[in-house]
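Presented below is the structure to which this report refers.
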Amino acid sequence: MQVYKKDFPIFSQTIHGKPLVYLDSSSTSQKPSCVIEAIAHYYQHNYANVHRGVYELSERSTHLYEKTRKKVQWFINAAHTHEILFTRGTTESINLVAQSYGRTHFKAEDEIILSEMEHHSNIVPWCMLQEQLGIKLKIIPVLETGELDLLAYEKLFSSRTKMVAISHASNVLGTINPLKKIIAIAHAAKVPVLVDGAQAFPHMPVDMQLLDCDFYTFSAHKAYGPTGIGILYGKTALLEKMVPYQGGGSMIEKVSFKKITYGQLPYKFEAGTPNMAGVVGFYAALDYLEKMGMKAIVQHEQELLAYATSKLKAIPGVRLLGTAPDKVGVLSFVLNDIHPHDIGTILDHEGIAIRAGHHCAMPLMEKYQIPACVRLSFGLYNSREDVDAFVAGMQKVHEVFN
Amino acid sequence: MQVYKKDFPIFSQTIHGKPLVYLDSSSTSQKPSCVIEAIAHYYQHNYANVHRGVYELSERSTHLYEKTRKKVQWFINAAHTHEILFTRGTTESINLVAQSYGRTHFKAEDEIILSEMEHHSNIVPWCMLQEQLGIKLKIIPVLETGELDLLAYEKLFSSRTKMVAISHASNVLGTINPLKKIIAIAHAAKVPVLVDGAQAFPHMPVDMQLLDCDFYTFSAHKAYGPTGIGILYGKTALLEKMVPYQGGGSMIEKVSFKKITYGQLPYKFEAGTPNMAGVVGFYAALDYLEKMGMKAIVQHEQELLAYATSKLKAIPGVRLLGTAPDKVGVLSFVLNDIHPHDIGTILDHEGIAIRAGHHCAMPLMEKYQIPACVRLSFGLYNSREDVDAFVAGMQKVHEVFN
Amino acid sequence: MSELRELYQEIIIDHGRHPRNFGFLPEATCHQEGFNPLCGDKIILHLYENKDVVEDLKFEGSGCAISIASASLMTECLKGKSRNEIEEIFNLFHKWVTMNDVPDEFKEKLGKLEVLGGVREFPARVKCATLAWHTLKAALLGQNLKLEVVE
Amino acid sequence: MSELRELYQEIIIDHGRHPRNFGFLPEATCHQEGFNPLCGDKIILHLYENKDVVEDLKFEGSGCAISIASASLMTECLKGKSRNEIEEIFNLFHKWVTMNDVPDEFKEKLGKLEVLGGVREFPARVKCATLAWHTLKAALLGQNLKLEVVE
Ligand SMILES: Cc1ncc(COP(=O)(O)O)c(C=O)c1O
Ligand SMILES: Cc1ncc(COP(=O)(O)O)c(C=O)c1O
């Protein structure tokens, strides 16, 4: 698996004279050459606006764009290509659903169920609806292990529950939530479920037919793809009933100042010139993932996680946050009275990139009564050597502070 | 000026065996090598998430990202860097203003002034507010020459007028609107003005202090930059009073389920992981524009426009749409009873890319009583030879249809 | 120029300029609109059906030579045909304009419609050639809804 | 490891662990909160001003070693200073931690505060070193508003 690193040009450099050890893939992943080249090639050979031209370049561009949609459909096993919408990222996808579904389906006092481990992207859009419409948020508590309290979850439902919005995996705790169960409970109450899959997508197989969620979303930039591209999957029946989110070119059927009729799915939700190069580059990322094989990726990352967990536990003073049995390759911790930022700076000096902070999960920090924590997270390019470098870096932290 | 073409790798290919003649820059522009390379270089050497990491790569990334904001500020002469917001494109920028400014400042029966020449991107977002809030749209008519009827404009104002939203240049007629006058009239009535600069930005100097508009927006992909990036300029006083558009990471100060406090400008409007590679690539495009010199670009494109106009007028049966004295390099026309699409297909066969259709300006098509038209539009890489090729192509159209 | 000649055969230019069966059909049992929002082509189909036989059909609308010629040729060819016959021709036609290597017998069965096979080499124009046909299909399925064709 | 040692000097680690003037100041004439939303560092400054002289100041909050040490050293150093003196030190300090090639005389004038110059080599940490200072400035400008420092 060590060989993966060769596919990623970023690793051919040193940082502060040390080989780069990148342990912040939950924040964003590095890009393999094939993705970088696909973007360049597109601009060099096939670039034009999509959906609109009668000329060759525009046809090629449209073909590449729609080919990605098909590939995403295949990858996540969606029933229809028109259920795959291109957005800027997970954040925009969730805002789209909150506004476009929420504004027409929710009213004051209606309730949305979230969890305590959500990323701000799956909190703030709903809080905005709280202010705009007077809806209420019900929060699934997180247990000390970092797992959701499912008993509490079941009790949150009422006749006013209109949506469950929940992450597939936590970006701080690593916990993989038992979605099948969560969704079954919601569906039994006739409540649709939005899944924030930002931390799950490139780290485990994701299957819309198996999950049966109503919306699913993730970001290409966390999945070895370009920035500025995300996916929103939605079931046809729900998407069709939603009003458009943004207005502009290509999402309309007919326009006059008196009346607009909107276009079909998926175009209804793709106003304006899209991030075409982002979409084309994402195809290459999906291709890469396919070639590497999801099974091998999962195995590799799980092995790393186990190795890193044991190493981390052996460091004196470390308190690990999130010890669920089912986790993605994310490890968060605090260390005695040493602030995460100081750890971050010292590790950086060793060429090691980790993240320190609240990780856009302030309510979770609140729950654990910490202002911030250190997080390391894996991509398929990481190796045991990276973990060893991290452990050696922690030794430096110890030296500086003692 | 012919030498410009060498900077754009797309022109090193042939289409249907003929050299590519790209005359669809209004739709989207081709990219110079420096932009393509800047994106690749970023992913290869400096990629990480912005604003969040304490490590080297993240610092570099943040630096490159914010450097672009400064460059845009300088380019359009905005008073503050925090008045420059990164969006996906013009369409998103206008939707942002419509929703974020409109929803808090407009109420039923309030009036917005648009023009008959607007692109759907500057129509549909306001139509959506029409449905959501019950506002009214007032439309500045277009004269036969393709100029705005300014007398009619002045009469559209009432005590309920809350916004003027107008394009800097028309994507069909080419008309450059007399913004200083339009804005002065609006400001005299204490009405803010949003300018859709999508067709103006890379074709003329654009100066926020001179124009004194309240919002200005354009798309990077039409200005030799990457896809998925646009700019929204807004005056501080207005931006500060606006509620955030999307919620998520980095746009917040503090988050709890009960209460959110939002961050400062410009971050308040940049939720989630941005299209960082798009921003970094746009810097290279601005750099390229700067090096070429706005004055030289304007002169080149105006010469081409004059040349092409005279050639086009000499073709029998051509009816030119838009004959304003002050135009950008955009030429639209219809030809007898030959449908624009058929012209497009025949020209494509000659390697010539033009656009045929309604150009996302259905109300304008309505006005001219045509279902569609043919448009050619110039970028700085176009030459007289391109125009000659187009004229020869029109001869083929004639042959096929006679 | 041969592909182009293949596309713009004389008969297509003729039907594009002088569409047959163009106009309103007062006795129609069904009116169906088809629209291509990307290029603005529009077809309104009027058809008079009696006991599963389309005894008459006319169309109105505007569009490029291909879409108008296709509509014109379609109306000529389908007048008097039964639903079953129309379905067969629809399927043949759809394959003919979208697939390569269709058997030669298709050509015979399609008669005059064969001339539209030239769009095969012009993927962007396939939707022009099929607009009238999809409109017809919607009409026969009795959906009578707004139809957009974006292939 | 020398740059790092330069940053984490003993005195910084000491002040970071055992901040001076930490706590509430009941008689304060002004309370000002400063916050860095990107990393969560928070400083609440309490100051007692009398005739343009800051006679006492204390702080509370949480943050990294740099931001806490900087706040601690700042309170030590500014106690009893006049507004004018504070402004001068503020400006010196700001230059000291952000610019290279500052004249040696700065060092003398800054006294103990000089140890914070190590952040110069760590641009991401400058905002930690200046958080308390920007909070102080906001307090003195009497804005008494929520202050975010995102350099
Ligand atoms: C005048 C005008 N406004 C807005 C737009 C929309 O720009 P974008 O598609 O980049 O959002 C365009 C581009 O087609 C345009 O020409
Ligand atoms: C769980 C989770 N949800 C949402 C997001 C937001 O993704 P993006 O910033 O790509 O919109 C992230 C990324 O930080 C995340 O980890």
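In what follows, chains carry the letters A, B, and so on, assigned in the order in which the sequence lines appear, proteins first and then strands, with residues in each chain numbered from 1.
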B:Ser29 versus chain A, the contacting section by heavy-atom distance below 4.5 Å: backbone

Decide, yes or no, whether a salt bridge links B:Glu111 with B:Lys136 under the criterion of side-chain N to carboxylate O below 4.0 Å. no

Is a side-chain donor-acceptor pair under 3.5 Å present for B:Arg103 with A:Gln132? no

What part of B:Leu20 gets closer than 4.5 Å to chain A, counting heavy atoms only: side chain, backbone, both or neither? side chain

Residue B:Glu131 versus chain A: region with a heavy atom under 4.5 Å: side chain

Looking only at the aromatic ring of each residue, does the gap between the centers of A:Tyr267 and A:Tyr262 stay below 6.0 angstrom? no

Side-chain donor-acceptor pair present, B:Thr90, B:Ser121, cut-off under 3.5 Å: no

Just checking, any donor-acceptor pair under 3.5 angstrom between side chains of B:Glu253 and B:Thr261? yes

Honestly, the part of B:Met365 sitting under 4.5 Å from a heavy atom of chain A is neither

State which residues pass side chain to side chain contact (heavy atoms under 4.5 Å, CB included) with B:Ser33; sequence neighbours excluded, sorted by chain then number. B:Pro9, B:Glu37

For chain B, which of A:His120, A:His16, A:Gln246, A:Met362 has the most heavy-atom pairs under 4.5 Å? A:Gln246

Counting heavy-atom pairs under 4.5 Å to chain A, which of B:His45, B:His221, B:Met276 comes out on top? B:His221

I need the residue from A:Ile139, A:Ile123, A:Ile39, A:Ile260 with the largest number of non-hydrogen atom pairs under 4.5 Å to chain B. A:Ile139

Non-hydrogen atoms of chain A under 4.5 Å away: do they reach the side chain of B:Thr87, the backbone, both or neither? backbone

I'd like to know which of A:Leu137, A:Leu57, A:Val243, A:Leu114 tops the heavy-atom pair count under 4.5 Å against chain B. A:Leu57

Between B:Ser26 and B:Asn171, does any side-chain donor sit less than 3.5 Å from a side-chain acceptor? no

Mind ranking A:Leu347, A:Ile15, A:Thr28 by heavy-atom pairs under 4.5 Å with chain B and telling me who comes out on top? A:Thr28

When the 4.5 angstrom heavy-atom criterion is applied to B:Asn46 and chain A, the contacting part is backbone

Regarding A:Glu59 and A:Thr62, do their side chains bring together a donor and an acceptor under 3.5 Å, going by distance alone? no

Sort B:Asn95 into side chain, backbone, both or neither according to what part of it lies under 4.5 angstrom from a heavy atom of chain A. side chain

Quick one: which of B:Asp24, B:Ile352, B:Thr345 has the most heavy-atom pairs under 4.5 Å with chain A, could you say? B:Asp24

Does a donor on one side chain sit under 3.5 Å from an acceptor on the other, for A:Ser61 and A:Tyr42? yes

For A:Phe282, give me all partners under ring pair (Phe, Tyr, Trp, His ring centres under 6.0 Å), at least two apart in sequence or on another chain. none

Rounded to the nearest 0.5 Å, what separates atom CG in B:Asp348 from atom NE2 in B:His341? 12.5 Å

What residue, out of B:Tyr22, B:Phe11, B:Tyr245, has the most heavy-atom pairs lying under 4.5 Å from chain A? B:Tyr245

Which bit of B:Gln44 comes within less than 4.5 Å of chain A, counting heavy atoms only: side chain, backbone, both or neither? both

Using heavy-atom distances under 4.5 Å, tell me whether B:Arg375 contacts chain A through its side chain, its backbone, both, or neither. neither

Select one option (side chain, backbone, both, neither) describing which atoms of A:Gln99 are under 4.5 Å from chain B's heavy atoms. neither

